Student: 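A single structure is presented below for examination.
Note that this is a predicted model, so its numbers are computed, not measured. The chains referred to below are lettered A, B, ... by the order of the sequence lines, with proteins before strands, and numbering in each begins at 1.
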Amino acid sequence: MATLTRSAGADTVSAANIAVVALLGAVLIFVAGLAQSETLHDAAHDVRHATGFPCH
Amino acid sequence: MLSKLLTSALIAGAAAGLIAALLQLVFVQPVLLHAELYEGGERTHFAAASDHHHGEEPDPEAAPADHDHAAAGHDAPGIGFEAGRDGLSILFSMLVYAGYGLLLVALMALTENRGHRIAPREGLLWGLAGFIGVQLAPAFGLAPELPGMAAADIGARALWWVATVVLTCAALWLIAFGNGWGAWALAIVMALAPHLVGAPHPAEFTGPTPPELAAQFAGRALGAGLVAWTLLGLFAASLWSRARSA
């Protein structure tokens with residue numbers, strides 16, 4: 001595991017880029033699916049139920 | 001490379017989210033609307049159909065005049081488009097699946113850095129795994145809920161949901177890409193743990209929702225999710241493999 005080559009060049013995606021993309025995805029899912037703000041909850045209500053998020 | 005990751009994920013997510021929303025509106029929404037009639041004897045969410053004042057107390061005057069009949073099952077809501085409510089459903093479905101798409105493409109890139117190559121059609125398997133991790137595994141403990149169903153504290157359920165999704169997805173990744181029995185044993189423990197601990201449930205089930213509706217809703221929500229997730233995987237792998245080699 002510790003011997004991962006770090007010199008693969010253009011074919012490797014940097015860890016920083018992967019982290020940015022993953023973080024953005026997690027934030028989107030939290031805002032649209034889990035945040036308990038009244039306005040967000042009401043707007044996303046049907047989608048949260050239909051996609052199996054715990055809702056209210 | 002960052003812009004290629006983002007555009008692949010967001011386009012795939014928006015497309016899958018749009019398909020998920022259309023499936024929801026045609027197959028899932030009628031069941032949900034029907035159940036709302038039982039939640040309080042009248043429609044409680046978006047009761048004044050297409051106004052834009054979300055988050056306010058519903059106006060009892062705006063409830064359908066014949067809600068007694070409807071609650072008795074004579075007038076189940078059919079397919080109809082309510083611009084405000086259903087427009088928001090389409091928007092939020094695309095946002096949720098864009099979030100899933102971003103995480104999926106990030107995991108694909110992480111996996112490719114370890115020497116694997118993901119062909120477009122392998123995306124179907126990634127999507128299937130995503131469905132298992134994000135919808136099926138949580139549903140094993142907390143079935144997709146209709147409005148009005150009795151349920152435990154929302155904070156406890158949200159925590160269990162997030163833990164189950166993270167553990168199951170990590171377990172599936174270990175099964176697919178881990179090396180040896182150690183990784184697989186760990187994966188089994190991670191996948192089983194949330195269900196052995198158990199999802200939070202209320203002390204007693206006292207919701208007014210008929211079990212027939214709840215069962216149909218759970219089946220349809222999972223079915224629509226399976227279609228949307230496998231397509232998300234296919235779209236994400238196709239767009240990302242094309243973008244990275246361009």
Side-chain angles (χ1 to χ4, degrees), chain A, chain B residues 1-2 5-6 9 13 20-21 24-25 28-29 32 45-46 54-55 85-86 88-93 95-107 109-110 112-114 134-135 138-139 142-147 151 154-155 157-158 160-162 217-218 220-222 224-225 228 244:
Chain A
M1 296 290 176
T3 57
L4 266 183
T5 48
R6 294 202 139 268
S7 56
D11 215 25
T12 309
V13 180
S14 75
N17 281 354
I18 291 176
V20 167
V21 174
L23 187 68
L24 195 59
V27 168
L28 259 185
I29 292 168
F30 176 79
V31 169
L34 293 165
Q36 282 301 307
S37 126
E38 177 99 12
T39 316
L40 273 176
H41 168 274
D42 284 5
H45 177 265
D46 296 354
V47 169
R48 289 184 180 190
H49 277 283
T51 47
F53 285 98
C55 196
H56 45 79
Chain B
M1 200 52 102
L2 182 61
L5 283 166
L6 290 174
Q24 175 192 327
L25 292 179
V28 184
Q29 194 78 3
L32 194 152
H45 292 279
F46 299 82
H54 308 297
R85 178 174 191 162
D86 294 343
L88 281 170
S89 284
I90 293 172
L91 174 69
F92 273 88
S93 180
L95 285 176
V96 167
Y97 276 89
Y100 293 153
L102 287 164
L103 283 175
L104 203 56
V105 169
L107 279 172
L110 188 71
E112 290 187 323
N113 280 355
R114 295 169 53 88
V134 177
Q135 293 212 350
L142 294 170
E145 298 161 33
L146 275 172
I154 175 68
R157 280 181 294 139
W160 186 88
W161 188 93
V162 171
F217 181 80
R220 290 200 169 181
L222 288 174
R244 77 171 296 152

Student: Checking B/Glu112 against chain A: side chain, backbone, both or neither under 4.5 Å from a heavy atom?
Tutor: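 Answer is neither: B/Glu112 stays 4.5 Å or more from chain A.
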
Student: Any chance you could measure B/Leu6, atom CG, to A/Leu24, atom CG, to the nearest 0.5 Å?
Tutor: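 These two atoms lie 6.5 Å from each other.
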
Student: With sequence neighbours excluded, what pairs up with B/Arg220 under the salt bridge (Lys or Arg N to Asp or Glu O under 4.0 Å) test?
Tutor: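 Here no residue qualifies.
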
Student: Nearest 0.5 angstrom please: B/Leu2 CG to A/Asn17 CG, how far?
Tutor: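 The distance works out to 4.5 Å.
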
Student: So what's closer than 4.5 Å to chain A heavy atoms on B/Ala139: side chain, backbone, both or neither?
Tutor: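 Interface part for B/Ala139: neither.
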
Student: What part of B/Leu222 gets closer than 4.5 Å to chain A, counting heavy atoms only: side chain, backbone, both or neither?
Tutor: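 For B/Leu222, there is no contact with chain A at all, as no heavy atom is under 4.5 Å.
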
Student: Could you measure the distance from the CD1 atom of A/Ile18 to the CG atom of B/Leu102? Nearest 0.5 Å is fine.
Tutor: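 Result: 13.0 Å between the selected atoms.
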
Student: For the residue pair B/Phe217 and A/His49, categorise the inter-ring angle as parallel (less than 30°), tilted (30 to 60°) or perpendicular (more than 60°).
Tutor: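 Correct class here is perpendicular.
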
Student: Check each atom of B/Val134 against the heavy atoms of chain A and say whether the ones under 4.5 Å are side chain, backbone, both or neither.
Tutor: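 Answer is neither: B/Val134 stays 4.5 Å or more from chain A.
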
Student: Using heavy-atom distances under 4.5 Å, tell me whether B/Val28 contacts chain A through its side chain, its backbone, both, or neither.
Tutor: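 For B/Val28, the contact with chain A is made by the side chain alone.
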
Student: Chain A heavy atoms under 4.5 Å from B/Leu95: which part of the residue, side chain, backbone, both or neither?
Tutor: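 Both backbone and side chain of B/Leu95 come within 4.5 Å of chain A.
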
Student: Rounded to the nearest 0.5 Å, what's the gap from OH on B/Tyr97 to CG on A/Leu28? Could you check?
Tutor: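 Separation between the atoms: 14.0 Å.
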
Student: Would the distance check show the side chain of A/Asp46 and the main-chain N or O of B/Asp86 forming a donor-acceptor pair, the cut-off being under 3.5 Å?
Tutor: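 Checked: no pair found.
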
Student: Flag the one option from B/Val105, B/Leu110, B/Val162 with the top tally of heavy-atom pairs under 4.5 Å to chain A.
Tutor: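 Of the options given, most contacts go to B/Leu110.
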
Student: Restricting to side-chain contact (heavy atoms from CB on, under 4.5 Å), what partner residues turn up for B/Ala158, sequence neighbours left out?
Tutor: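 With sequence neighbours excluded, B/Ala158 shows a side-chain contact (heavy atoms from CB on, under 4.5 Å) to A/Leu34, A/Pro54, given in chain and number order.
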
Student: Can you name the closest pair of heavy atoms from B/Gln135 and A/Thr51 and give their distance?
Tutor: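 Smallest heavy-atom distance, with atoms named: NE2-O, 3.3 Å.
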
Student: Distance from A/Ser14 atom OG to B/Met1 atom CE, nearest 0.5 Å?
Tutor: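 So the OG of A/Ser14 and the CE of B/Met1 are separated by 9.0 Å.
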
Student: Report which part of A/Phe30 has an atom under 4.5 Å of a heavy atom belonging to chain B: side chain, backbone, both, or neither.
Tutor: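 Contact with chain B is absent: no heavy atom of A/Phe30 under 4.5 Å.
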
Student: Tell me which of these, B/Ala9, B/Gly101, B/Ser89, B/Pro144, has more heavy-atom pairs under 4.5 Å with chain A than the rest.
Tutor: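 It is B/Ser89.
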
